[in-house]
Amino acid sequence: MSSTEALDLNNLPQHVAIIMDGNGRWAHKRGLPRTMGHRAGMDALRAVVKALDAIGTKYLTVYAFSTENWKRPEEEVGMLMSLIREYIYKELMALHRQKVKISIIGERERLPDDVRKKLEEAVEKTKDNPGMRFIIALNYGSREEIARAARCLAERVLAGELMPQDIDGQAFAKCLYTDGTPDPDLIIRTSGEMRLSNFLLWQGAYAELVVTECLWPDFREAHVHEAIREYQMRQRRFGGIIEGS
Ligand code: FPP
């Protein structure tokens with residue numbers, strides 16, 4: 001049986017979000033520098049994009065660099081930035097052929113100019129593609145995103161464009177980086193850690209969380225399918241009840 005055979009193709013998550021964790025531990029186990037773990041993580045990302053696209057996933061969001069990751073040693077931050085640039089350089093044509101549409105969430109201003117430009121090129125080149133939306137969270141942090149949305153709404157109130165009583169969940173969500181994207185149905189975290197680490201806190205309110213012990217560089221198509229099978233065993237109630245239970 002191939003690993004897709006056991007998937008219920010009528011109950012696939014339309015938006016999968018991934019916290020790609022465990023690169024450092026993967027490298028440490030092999031006596032390699034942490035940066036080699038990130039490089040190996042790039043191969044996992046390539047395989048996972050392909051696997052999710054192959055089953056018709058509509059949205060994939062990956063946590064590539066958080067607002068807290070700047071606290072890492074300068075050398076590691078520099079390496080992560082150049083890996084992101086390299087990834088776009090190497091993968092853009094293939095992603096474009098796959099009709100993937102790339103977008104970025106997070107605060108772009110602090111990113112090195114060359115990285116920002118490369119990413120913006122990728123967003124522009126793929127903007128009309130009808131395939132999977134591939135959202136890269138870069139210099140992203142949910143608390144910062146939520147504070148930014150509050151600021152934006154406050155400014156609109158001050159400008160007389162909006163009444164405070166008009167601020168509801170929907171108006172708030174429109175000011176988040178993810179405006180126009182449905183909330184994630186499934187959030188996968190690799191490497192066994194059970195936390196959200198400031199990732200999609202608002203959007204993930206009703207997401208199913210699947211944590212796997214697999215370290216990110218080892219994560220491949222079979223693990224994607226395993227996580228989706230676990231998702232398919234969950235009963236999603238969105239705060240309601242299931243009749244008869
Ligand atoms: C967490 O592992 C991973 C990251 C901070 C970076 C994720 C980046 C990649 C997979 C590189 C490729 C990304 C793109 C978009 C090209 P960790 O270093 O915290 O691992 P540890 O918890 O084992 O130390």
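Computed from a predicted model, the values in this text were never measured in an experiment. Indexing begins at 1, ligand by ligand and atom by atom, following the structure's order. Values below: every heavy atom of this structure, side chains too, minus hydrogens, waters and symmetry copies.
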Quiz item: For Trp70, is the NZ or CZ atom of Arg72 found under 6.0 angstrom from the centre of its six-membered ring and inside 45 degrees of the ring axis?
Solution: no
Exercise. Answer with yes or no whether the side chains of Tyr59 and Gln14 bring together a donor and an acceptor at under 3.5 Å.
Key: no
Quiz item: Side chains of Ser197 and Arg189: donor-acceptor distance under 3.5 Å anywhere?
Solution: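 The criterion, which ignores hydrogens and geometry beyond distance, is satisfied for Arg189 and Ser197.
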Show the atoms of ligand 1 that are less than 4.0 angstrom away from any heavy atom in [X].
X	value
Tyr87	16 (C)
Ala64	6 (C), 7 (C), 8 (C), 15 (C)
Asn69	5 (C)
Trp216	10 (C)
Arg25	21 (P), 22 (O), 23 (O)
Arg34	17 (P), 18 (O), 24 (O)
Gly24	17 (P), 18 (O), 20 (O), 21 (P), 23 (O), 24 (O)

Quiz item: When you measure from atom 19 (O) of ligand 1 to every protein heavy atom, which one gives the shortest distance, and what is it?
Solution: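 For atom 19 (O) of ligand 1, the nearest protein heavy atom comes out as Arg72 NH2, 2.8 Å.
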Quiz item: With backbone taken as N, CA, C and O and side chain as the heavy atoms from C-beta onward, which portion of Leu45 lies under 4.0 Å from ligand 1: side chain, backbone, both, or neither?
Solution: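 It is the side chain that gets close, since no backbone atom is under 4.0 Å.
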Self-check item: Within reach of ligand 1, part of Arg85 (heavy-atom separation under 4.0 Å)
Solution: neither
Quiz prompt | ligand 1 contacted by Gly22 (non-hydrogen, < 4.0 Å) | solution =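 Flag set, Gly22 near ligand 1.
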Self-check item: Charged N-O contact under 4.0 Å between Glu120 and Arg108
Solution: yes
Self-check item: Donor-acceptor contact present, side-chain Asp53 to main-chain Lys50, <3.5 Å
Solution: no
Practice problem: Take atom CD of Glu68 as the centre, draw a 6.0 Å sphere, and report whether it contains more than 12 heavy atoms from other residues, nucleotides or ligands. | Solution: yes
